[in-house]
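Scroll down for the structure; my scribbles are underneath it.
In what follows, every chain begins at residue 1, and chains take the letters A, B, ... in the order their sequences are listed. Quick note: numbers below take in every heavy atom, side chains included, and nothing from hydrogens, waters or symmetry partners.
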Protein chains: 2
Amino acid sequence: MDSVLYLKKQKMKVTKGRIAIIEVLMHCKKAITVEYIYESCQQNGKSADLSTVYRTLDTLESKDLVNKFDLGDGKYNYLLKDKIHKHIIECSCCHKKQEIDCPMVQIEELIKNKMGYSTIQHELKIKGICEECKKSKK
Amino acid sequence: MDSVLYLKKQKMKVTKGRIAIIEVLMHCKKAITVEYIYESCQQNGKSADLSTVYRTLDTLESKDLVNKFDLGDGKYNYLLKDKIHKHIIECSCCHKKQEIDCPMVQIEELIKNKMGYSTIQHELKIKGICEECKKSKK
DNA sequence: CTGGGTGCAAATTCTTTGCAAAACC
DNA sequence: GGTTTTGCAAAGAATTTGCACCCAG
């Protein structure tokens, strides 16, 4: 899907800056910084102000389209959610199952950076007690 | 173990501020912010400057005694490592096994905050290709 | 045309740093 | 007594905000 379509689907106004930003995000497999997005836009000849990058990312986050996390260096990295697989969290009480974005994305990035591992794979099961069950037990 | 002993073991000079900071960390089960540590120290009548808190946490981090991560709100949370269990990461190539601090601590905190789950448990297997194997394959 | 989006500059927030004074061993 | 560590204030880095102007719908 191209960036214009992407924006339209989200009912966001299609502007030069947003197109440029989405394009950078789409072409990147891993989480990237605001700075990186900003500079990439410039290199593509499609400038967008830094604050526009921040604001666009905020909008995308509020629409749950982007994953935002910190890799321990004091700045955020962003990744389009459609590049992330899901996991299931199961309530140990009512056995309801819910999807969550794979939380290992940022962990894997950290392991890569700190320990030098590559091509990381994982297997993860998560259980917990969901909000409703917790309330009803009180 | 008490805070003075803790500091001595790490060959850190024992000062009022550090004692206060370590004590707060020791008494806390979950990851806490710098601000929280700072204020707790004051409430305990043992003031330590904000910069001292930062510096002490830096020292602890450099000695690998503390886990530092961001929960998506733009500030760091800290947790003593001895409260964290370990996982094993296995190299899928040479089958070497290495310990890593449970990466789920921060993820669980996030799931608690965002989804309302509590008493979260997990089961996690991680594999990857370690640095040496990656190099030797090139 | 009109409201949302942008650029610019200034403000905020969290964290780091320089330096003289104080505390530790 | 000689380092380390501290407190204070000032600097830095990342992000947010206010506002006038602009552009997509």
query = Without hydrogens or angle criteria, can the side chains of B:Arg55 and B:Ser51 be said to hold a donor-acceptor pair below 3.5 Å?
reply = yes
Between the protein and nucleotides 23-25 of chain C, list the N/O to N/O atom pairs that are separated by less than 3.5 angstrom.
{"residue": "C:dC24", "atom": "O2", "partner": "B:Lys13", "partner atom": "NZ", "Å": "3.2"}
{"residue": "C:dC25", "atom": "OP1", "partner": "B:Val14", "partner atom": "N", "Å": "3.1"}

Residues at least two apart in sequence or cross-chain that pass side-chain contact (heavy atoms from CB on, under 4.5 Å) with B:Lys125, listed by chain then number, are A:Glu123
From CG of B:Asp70 across to P of D:dA14 the rounded distance in Å is 14 Å
Q.
Checking side-chain polar atoms at under 3.5 Å, does A:Tyr38 have a donor or acceptor matched by the opposite partner on A:Asp49?
A. no
What residues 61-68 of chain B contributes to the DNA chain D interface at heavy-atom separation below 4.0 Å is none
What donor-acceptor contacts under 3.5 angstrom involve side-chain atoms of residues 9-16 of chain B, with partners at least two apart or in another chain?
{"residue": "B:Thr15", "atom": "OG1", "partner": "B:Arg18", "partner atom": "N", "Å": "3.3"}

The side-chain hydrogen bond (donor to acceptor under 3.5 Å, both in side chains) partners of A:Asn77 (sequence neighbours excluded) come to none
Side chains of residues 103-115 of chain A: which donor-acceptor partners sit under 3.5 Å, not counting sequence neighbours?
{"residue": "A:Glu108", "atom": "OE2", "partner": "A:His122", "partner atom": "ND1", "Å": "2.5"}
{"residue": "A:Asn113", "atom": "ND2", "partner": "A:Glu109", "partner atom": "O", "Å": "3.4"}

From CG of B:Leu50 across to P of D:dT6 the rounded distance in Å is 13 Å
Between NZ of A:Lys75 and P of C:dT16 the distance, given in whole Å, is 13 Å
Result for side chain to side chain donor-acceptor pair (under 3.5 Å) between A:Tyr117 and one of B:Gln98, B:Lys127, B:Lys134, B:Glu131 points to B:Gln98
**Lys NZ or Arg CZ of B:Lys68 over B:Tyr78 ring: under 6.0 Å, within 45°** = no
note: A:Ile19, atom CD1; D:dG25, atom C1'; distance rounded to Å ~ 14 Å
By side-chain hydrogen bond (donor to acceptor under 3.5 Å, both in side chains), A:Lys86 pairs with (sequence neighbours left out) A:Asp101
side-chain hydrogen bond (donor to acceptor under 3.5 Å, both in side chains) filter on A:Asp73, not counting sequence neighbours, yields none
Applying side-chain contact (heavy atoms from CB on, under 4.5 Å) to B:Lys97 and not counting sequence neighbours gives B:Ile88, B:Glu90
Taken to the nearest whole Å, CG/B:Asp73 to P/C:dT15 is 9 Å
Residues at least two apart in sequence or cross-chain that pass side-chain hydrogen bond (donor to acceptor under 3.5 Å, both in side chains) with A:Tyr54, listed by chain then number, are none
Rounded to whole Å, CD of B:Gln10 lies from P of D:dT4 at a distance of 18 Å
When rounded to whole Å, the CZ to P distance for the pair A:Arg18 and D:dG25 reads 10 Å
Identify the pairs formed between an N or O of the protein and an N or O of nucleotides 17-20 of chain C at a distance under 3.5 Å, and give each distance.
{"residue": "C:dG18", "atom": "O6", "partner": "B:Arg55", "partner atom": "NH1", "Å": "3.2"}

When rounded to whole Å, the CG to C1' distance for the pair A:Leu7 and C:dG4 reads 14 Å
message: Looking at A:Lys96, I'd like to know if its NZ atom is crowded, meaning that more than 12 non-hydrogen atoms belonging to other residues, nucleotides or ligands lie closer than 6.0 Å.
response: yes
In this structure, CD1 of B:Ile126 is separated from OG of B:Ser92 (nearest 0.5 Å) by 11.5 Å
With the side chain defined as heavy atoms from C-beta on, B:Thr56 is closest, among C:dT15, D:dT15, D:dT6, to D:dT6
Double-helix bend of the helix from C:dC1-D:dG25 to C:dC25-D:dG1, axes at both ends from 5 pairs, round to 10°, gives 40°
